[in-house]
Amino acid sequence: MKRALTPGTFDPITSGHLDVIARASQLVDEVVIAVADSQKKGPLFTLEERVELVRQATAHLSNVRVEPFKGLLVDFAKELDATVVVKGLRAITDFEYEFQMTAMNYQLSPQLETLFIMSPPQYMYLSSSIVREISKMGGDIQQFVPPCVYEALKRKYANLQ
Ligand code: PNS
């Protein structure tokens with residue numbers, strides 16, 4: 001049983017995340033989407049809201065489940081008996097940050113492998129933060145997020161005004 005983690009803050013999940021998760025689900029027996037608490041990032045959506053949106057957005061993927069986590073990713077991987085971390089890699093700007101995390105995770109847990117899946121061109125510059133910004137300013141983000149996220153962002157910003 002090969003189990004992979006796809007970790008992230010998912011504030012909120014985008015079509016780019018979904019692409020990586022769907023592709024990872026073809027490579028292993030089970031994918032656990034690990035939704036990080038990430039309180040220090042001051043997320044727009046609560047952990048519970050982010051988990052629920054990820055659940056709705058991935059309901060069609062039969063070997064994918066969603067779990068919230070707090071603390072270190074390497075500890076969560078051990079707890080779940082996951083041997084691989086799969087992450088998406090977009091433009092060159094991601095490299096430094098991803099390399100740092102991969103190097104540190106490797107030092108902490110050498111048996112945990114990290115794999116990167118390149119984003120396809122249409123998602124190369126897509127990020128949760130840019131989606132939040134466009135949505136906050138009234139732009140149309142439908143092509144960048146699953147329908148549940150589109151609705152949730154509309155509700156969130158309507159309530160914040
Ligand atoms: O979507 P993000 O915010 O880029 O994801 C970053 C995430 C959640 C994968 C990373 O911050 C993480 O693994 N956090 C858990 C805490 C941890 O293990 N920190 C040390 C990383 S070397």
Side-chain angles (χ1 to χ4, degrees), residues 4-28 30-73 76 84-105 114-161:
L5 290 187
T6 54
T9 302
F10 301 105
D11 186 37
I13 187 167
T14 68
S15 304
H17 291 128
L18 273 178
D19 175 78
V20 171
I21 292 161
R23 286 156 71 192
S25 74
Q26 309 275 309
L27 303 175
V28 293
E30 186 181 53
V31 169
V32 178
I33 307 173
V35 183
D37 184 38
S38 297
Q39 271 318 304
K40 74 173 186 203
K41 289 192 172 180
L44 175 67
F45 290 97
T46 66
L47 180 59
E48 293 71 26
E49 287 171 332
R50 285 179 277 134
V51 166
E52 183 51 33
L53 288 172
V54 176
R55 282 213 173 106
Q56 287 177 32
T58 56
H60 60 291
L61 299 169
S62 59
N63 63 337
V64 172
R65 65 186 168 97
V66 190
E67 298 287 347
F69 81 104
K70 296 178 184 181
L72 286 176
L73 179 66
F76 193 55
V84 190
V85 170
V86 180
K87 303 203 78 182
L89 205 52
R90 293 166 301 182
I92 288 168
T93 44
D94 276 353
F95 265 68
E96 193 68 33
Y97 173 58
E98 294 297 345
F99 273 26
Q100 183 185 24
M101 279 195 291
T102 303
M104 293 310 289
N105 284 337
T114 302
L115 297 182
F116 290 97
I117 292 182
M118 285 299 293
S119 294
Q122 70 268 33
Y123 301 136
M124 202 57 98
Y125 293 97
L126 180 57
S127 69
S128 297
S129 57
I130 215 99
V131 159
R132 290 197 304 271
E133 183 171 325
I134 295 171
S135 178
K136 189 177 181 182
M137 294 177 179
D140 186 4
I141 47 138
Q142 256 183 107
Q143 59 180 310
F144 306 123
V145 294
C148 61
V149 170
Y150 176 68
E151 294 301 330
L153 275 167
K154 270 203 311 202
R155 281 197 304 274
K156 183 66 85 175
Y157 286 121
N159 288 338
L160 291 179
Q161 268 158 22

Considering residues at least two apart in sequence or located in another chain, which fulfil the side chain to side chain donor-acceptor pair (under 3.5 Å) criterion with [X]?
X	result
Gln39	Asp37
Glu67	Arg65
Asn63	none

Roughly how far, to the nearest 0.5 Å, is the [atom2] atom of [Y] from the [atom1] atom of [X]?
X	Y	atom1	atom2	answer
Leu53	Thr14	CG	OG1	12.0 Å
Thr6	Leu115	OG1	CG	12.0 Å
Asn105	Leu73	CG	CG	5.5 Å
Tyr150	Gln143	OH	CD	11.5 Å
Ile33	His17	CD1	NE2	10.0 Å

Residues in ring pair (Phe, Tyr, Trp, His ring centres under 6.0 Å) with [X], at least two apart?
X	result
Phe69	Phe76
Phe116	none
Tyr125	none

Quick one: does any side-chain atom of [X] pair with a main-chain N or O of [Y] as donor and acceptor, under 3.5 Å?
X	Y	answer
Ser135	Val131	no
Arg23	Met118	yes
Ser25	Ala22	yes
Ser119	Met124	no

Ignoring hydrogens, what is the shortest heavy-atom contact between [X] and [Y]? Give both atom names and the distance.
X	Y	value
Leu18	Ala57	CD2-O, 3.6 Å
Ala4	Val86	CB-CG2, 4.0 Å
Tyr97	Lys41	OH-NZ, 3.6 Å

Can Glu52 and Gln56 be counted as having a side-chain donor-acceptor contact under 3.5 angstrom?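 Yes, because at least one side-chain N or O of Glu52 sits under 3.5 Å from a partner of the opposite role on Gln56.
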Member of Asp11, Val149, Val66, Ile13 meeting the side-chain contact (heavy atoms from CB on, under 4.5 Å) criterion with Arg50: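 Only one of Asp11, Val149, Val66, Ile13 forms a side-chain contact (heavy atoms from CB on, under 4.5 Å) with Arg50, namely Asp11.
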